[in-house]
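Here is how names work: the chains are called A, B, and so on, in the same order as the sequence lines, proteins then strands, and each is numbered from 1.
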There are 2 protein chains.
Amino acid sequence: MRSGPGSLILESGTEAATPSFPDDGKNTIASQLVSRLREAIISGQLEAGSKINLDRAKQSFNVSLSPLREALARLISDGLVEFEDNRGYRVSPVSLSNLEEITSLREEFETYALRESMRVGDVEWEGNVMRALHRLNRTERDASKPETLEQWEAVHREFHLTLISGCRKPLLLSFCKTMLNLNDRYRRTFLTRTSGDRNVSVEHSEIAQGTVARDMDYACDRLREHIHRTGTNLRRHLAEKGIA
Amino acid sequence: MRSGPGSLILESGTEAATPSFPDDGKNTIASQLVSRLREAIISGQLEAGSKINLDRAKQSFNVSLSPLREALARLISDGLVEFEDNRGYRVSPVSLSNLEEITSLREEFETYALRESMRVGDVEWEGNVMRALHRLNRTERDASKPETLEQWEAVHREFHLTLISGCRKPLLLSFCKTMLNLNDRYRRTFLTRTSGDRNVSVEHSEIAQGTVARDMDYACDRLREHIHRTGTNLRRHLAEKGIA
DNA sequence: TTTTGATAAATCATCGATTATTTGTCAAGC
DNA sequence: GCTTGACAAATAATCGATGATTTATCAAAA
């Protein structure tokens with residue numbers, strides 16, 4: 001299926017602009033599935049709480065059972081999928097209490113990671129933060145253009161991860177990444193527009209400015225508020241849709 | 001292989017004292033493997049950093065490939081196993097920096113979870129804490145008897161988990177459980193005796209007493225010290241064995 | 001001697017088919 | 001009418017075999 005390095009046969013896939021070089025990562029079907037399934041869950045294509053029928057999933061993703069099961073097993077780490085013996089896999093459900101926990105943990109984990117980053121982060125990290133902020137501010141978010149929403153989600157996620165990427169604590173970073181994933185699912189499912197009384201751009205800028213200035217208390221307070229506001233916002237939207 | 005409910009054929013396994021009733025959980029080979037592999041890694045039977053050869057593992061555990069791969073995929077969540085495309089699975093390596101991160105995160109996560117537990121925990125939780133303390137104090141730990149060490153590890157782990165079990169934050173609890181697993185691997189691998197200058201029993205009692213008295217600062221300070229001392233201890237033992 | 005490239009061996013990834021379990025259905029008994 | 005139990009359909013779990021990739025080996029060339 002995959003043409004090896006040096007092959008003259010062009011691949012028929014959508015990606016692969018450089019057919020003579022092996023792709024970086026994501027070589028196996030199982031690994032590709034992890035990405036595709038994660039995206040499908042976060043974006044809401046796979047409904048929260050719904051059972052994942054292996055036969056149907058197998059068909060709709062055009063894969064065999066083994067890589068599908070392996071991908072789902074790996075997704076348990078992300079908290080996006082749950083499993084029970086002989087009952088199979090299901091998309092993790094959403095709930096008010098789950099959202100509240102995610103918000104709380106993001107406040108705790110991310111402020112801790114940000115403080116650590118400011119303590120030990122180097123100049124390159126500072127630069128990455130400013131670059132991520134700039135990209136975020138230059139990315140348009142228009143509810144009438146769905147593709148801009150997706151793009152904005154990506155750079156927004158990247159901004160928050162960059163903020164804490166200087167902390168030199170890989171386990172902590174992976175936890176934060178997980179929480180951010182779970183949080184993004186709520187936003188992408190329930191929140192297409194931002195609340196009117198917020199200027200999110202300013203919030204991001206304040207966090208970033210405080211961060212590179214290494215003003216720990218200021219930056220962490222701003223970040224905590226930012227996360228908290230998003231949580232409050234989302235909670236309201238969940239309540240409107242009658243989700244307990 | 002498995003005799004169904006009501007069957008008159010007795011199982012040949014070591015467990016299953018009540019053959020007429022389905023086991024609670026752990027029904028499938030994959031799930032049993034998760035437990036067995038986790039125990040094998042934490043106990044040090046599977047060497048840290050070593051590659052897991054699927055063919056050999058298949059034979060030594062007497063299972064087929066599919067459940068083995070699925071079990072390993074699930075173990076990634078626990079941070080005990082790492083994976084790379086086309087290179088397979090390996091036991092997560094140990095290092096000084098990894099131990100230090102685990103210690104830091106345990107300090108942060110567990111004190112936060114303990115505070116939350118004291119804030120919202122109910123009377124039943126309090127009772128569970130006192131029971132876990134009592135069991136721990138009554139469990140002997142004799143380096144000359146390996147089976148007592150294993151037993152002690154189990155009740156010790158149970159004590160720490162019970163402490164924070166009142167917090168009503170399932171995601172936080174699972175993170176703490178993961179960190180505790182990783183920490184226990186270091187202790188079981190590198191630390192068979194407790195340091196001479198510590199009275200660990202007193203430390204546990206102080207934490208538990210402060211907890212049920214809902215003295216947040218006292219209990220959390222004692223817990224943080226307790227975790228920190230264990231970390232310092234372990235770090236020394238790692239250094240002695242020349243592990244960077 | 002070191003490097004390179006081809007080949008062989010080991011190992012991982014995937015598939016299709018088989019077996020085991022759960023869930024849905026419905027009739028018999030209470 | 002409600003519960004119980006047997007049967008059938010749907011679904012999950014496992015297996016053995018096949019295909020793909022990586023790693024090891026070693027001879028030829030620089």
Give me the residues of residues 68-81 of chain A where at least one heavy atom lies under 4.0 Å from an atom of DNA chain D, by number, or none. A/R69
Of residues 47-61 of chain B, the positions that come close to DNA chain D - non-hydrogen atoms, cut-off under 4.0 Å: none
B/L33 and side-chain contact (heavy atoms from CB on, under 4.5 Å): which single residue from B/L72, B/L75, B/L68 fits? B/L68
What's the verdict on side chain to side chain donor-acceptor pair (under 3.5 Å) for A/R141 and A/H156, showing C-alpha distance, side-chain angles and the deciding distance? CA-CA 11 Å; A/R141 190 192 191 199; A/H156 181 248; over 6 Å; no
Rounded distance (Å) that lies between atom [atom2] of [N] and atom [atom1] of [X]:
| X | N | atom1 | atom2 | answer |
| --- | --- | --- | --- | --- |
| B/R87 | D/dT22 | CZ | P | 7 Å |
| A/L33 | C/dA13 | CG | C1' | 13 Å |
| A/L65 | D/dC15 | CG | C1' | 12 Å |
| B/D85 | D/dT22 | CG | P | 9 Å |

Is the shortest side-chain N/O distance from A/N86 to OP1 or OP2 of D/dA12 below 4.0 Å? no
Are any of A/S64's side-chain N or O atoms less than 4.0 Å away from OP1 or OP2 of C/dC15? yes
Suppose we screen for side-chain hydrogen bond (donor to acceptor under 3.5 Å, both in side chains). Which residues come up paired with A/R131, at least two apart in sequence or across chains? A/N128
The criterion is side-chain hydrogen bond (donor to acceptor under 3.5 Å, both in side chains); which residues satisfy it with B/R236, sequence neighbours excluded? B/N233
B/F61 meets the ring-ring contact (aromatic ring centres under 6.0 Å, His included) criterion, sequence neighbours left out, with none
Suppose we screen for ring-ring contact (aromatic ring centres under 6.0 Å, His included). Which residues come up paired with B/Y112, at least two apart in sequence or across chains? none
Would you give me the side-chain donor-acceptor pairs under 3.5 Å for residues 237-244 of chain B, sequence neighbours excluded?
unit_1, atom_1, unit_2, atom_2, d
B/H237, ND1, B/F190, O, 3.3

Mind checking what makes salt bridge (Lys or Arg N to Asp or Glu O under 4.0 Å) contact with B/E70, not counting sequence neighbours? A/R69, B/R74
What does B/F83 touch in the nucleic acid at a heavy-atom separation under 4.0 angstrom: a base, only the sugar-phosphate, or nothing? sugar-phosphate
Pairing residues for B/S95 by the side chain to side chain contact (heavy atoms under 4.5 Å, CB included) criterion, not counting sequence neighbours: B/S97, B/N98
Only pairs at least two apart or in different chains count here, so list each ring-ring contact (aromatic ring centres under 6.0 Å, His included) that has a residue in residues 74-96 of chain A. A/F83-A/Y89
Quick one: side chains of residues 168-182 of chain A, donor-acceptor pairs under 3.5 Å with protein atoms, not counting sequence neighbours, listed by atom name and distance.
unit_1, atom_1, unit_2, atom_2, d
A/R168, NH2, A/V120, O, 2.9
A/K169, NZ, A/E116, OE1, 3.1
A/S174, OG, A/L171, O, 3.1
A/T178, OG1, A/S174, O, 2.9
A/N181, OD1, A/R157, NH1, 2.7

Check the interface with nucleotides 5-9 of chain D: list each N/O to N/O pair with the protein under 3.5 Å, or write none.
none

The side chain of B/I29 is closest to which nucleotide in this list: D/dC15, C/dT14, D/dT22? D/dC15
For DNA chain D, whose closest nucleotide is more 5', that of A/G88 or that of B/P67? A/G88
